[in-house]
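The chain is numbered in sequence order, starting from 1.
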Amino acid sequence: MAHLLEAQGDALFNGVTGEWNKFFIKARRRGSEAEGVTQAVIVAFDGPSKPIIRFQYKPDTVIVLYKAAVCGDYKLEISKGGEKINGSPFKCNIKGSTVIRPEKIKVEGAGLTDGKVNKLSEVIVDYSESNVTGVIKVSMEGPTFPMLKYGKPQICVVEATEGIKKIQYTPKFAGKYKLHVGFDDVKVNGSPFPVNVTE
């Protein structure tokens with residue numbers, strides 16, 4: 001099916017950091033012959049960083065938007081069903097300086113302020129507009145004596161979608177906590193966040 005696709009647009013070969021760059025993947029055929037051809041297309045970058053990738057689906061066309069945080073030379077691979085489309089991988093040169101914007105990181109969710117003993121609480125971290133590419137760091141502080149006796153809350157971080165992570169934690173006892181969130185050396189505004197855990 002990959003032979004039925006073609007990629008178009010200057011962003012296949014050139015991009016700018018910190019901005020959404022756009023190219024198109026189109027079906028070579030039209031009408032009923034193109035039905036489903038543009039579905040399940042895989043787009044991947046190999047280079048200095050992993051750009052955020054988003055898709056917009058139109059009849060016979062996929063609009064691909066990507067945002068890179070680090071400039072440099074990348075290989076852009078487009079495939080379907082394990083088969084590369086014609087021209088892939090594309091040599092893509094992304095220019096511009098890396099601008100990290102921690103103020104664009106959004107942290108929200110019920111677990112950001114309140115939690116329940118032995119209940120899973122969740123916090124959403126959206127860093128898709130911040131150009132941050134580092135590893136997320138999460139920790140919790142709580143009442144000293146119970147924490148020494150029962151241990152720290154269990155914390156799990158999962159990637160919900162590109163640029164969005166879920167922090168899940170389960171406290172073992174009630175009290176006042178502090179939730180620390182950051183990316184490598186980048187501090188998230190508002191961290192540490194006060195969390196009140198109740199029975």
Residues Lys84 and Glu77 bridged, charged N to O under 4.0 Å
yes
When you measure from the side chain of Tyr169 to the backbone N and O of Gly111, does any donor-acceptor pair fall under 3.5 Å?
yes
Should Tyr177 and Pro192 count as side-chain neighbours, where that means a heavy-atom distance under 4.5 Å?
no
Under 3.5 Å: donor-acceptor pair, side chain of Asn86, backbone of Glu6
no
Using the rule given for side-chain contact (heavy atoms from CB on, under 4.5 Å), can you reason through Leu12 versus Ile78, listing the C-alpha separation, both sets of side-chain angles and the distance that settles it, and then say yes or no?
CA-CA 10 Å; Leu12 285 166; Ile78 304 172; 3.9 Å; yes
How many angstroms lie between atom CZ of Arg54 and atom NZ of Lys67, to the nearest 0.5 angstrom?
7.0 Å
Tell me the closest heavy-atom pair linking Ile155 and Val138, and the distance in Å.
CG2-CG1, 3.9 Å
Before giving the answer on side-chain contact (heavy atoms from CB on, under 4.5 Å), spell out for Leu76 and Phe13 the whole-Å C-alpha distance, their side-chain angles and the decisive distance to 0.1 Å.
CA-CA 9 Å; Leu76 169 55; Phe13 310 99; over 6 Å; no
Atom CG in Asn131, atom CD in Glu19: separation rounded to 0.5 Å?
10.0 Å
Return the orientation label for the Tyr66 and Phe23 ring planes: parallel under 30°, perpendicular over 60°, tilted otherwise.
tilted
Measure the shortest side-chain to side-chain distance between Val188 and Phe183 over non-hydrogen atoms and say whether it is less than 4.5 angstrom.
yes
Asp126 CG to Lys106 NZ distance, which is reported to the nearest 0.5 Å
6.0 Å
Starting at CD1 of Ile25, measure out to CG of Leu5 and round the result to the nearest 0.5 Å.
7.0 Å
Derivation of the side-chain contact (heavy atoms from CB on, under 4.5 Å) call for Val62 and Gln56:
CA-CA 6 Å; Val62 180; Gln56 296 176 358; over 6 Å; no
Would you sort out whether Phe55 and Val43 count as a side-chain contact (heavy atoms from CB on, under 4.5 Å), showing the intermediate values?
CA-CA 10 Å; Phe55 300 92; Val43 176; 3.7 Å; yes
Co-membership, hydrophobic cluster, residues Phe24 and Trp20, 4.5 Å side-chain
yes
Indicate yes or no for a side-chain donor-acceptor contact from Asn196 to the backbone of Pro194 under 3.5 Å, with no hydrogens or angles considered.
no
Ser130 side-chain N/O to Ile105 backbone N/O, donor-acceptor pair under 3.5 Å:
no
Does Cys71 offer a backbone N or O that forms a donor-acceptor pair with the side chain of Thr17 under 3.5 Å?
no
Sidechain-backbone polar pair: Asn93 side chain, Lys95 backbone, donor-acceptor under 3.5 Å
no
Atom CD of Gln154: over 12 foreign heavy atoms under 6.0 Å
no
With a sphere of 6.0 Å drawn around NZ of Lys50, does it hold more than 12 non-hydrogen atoms of other residues, nucleotides or ligands?
no
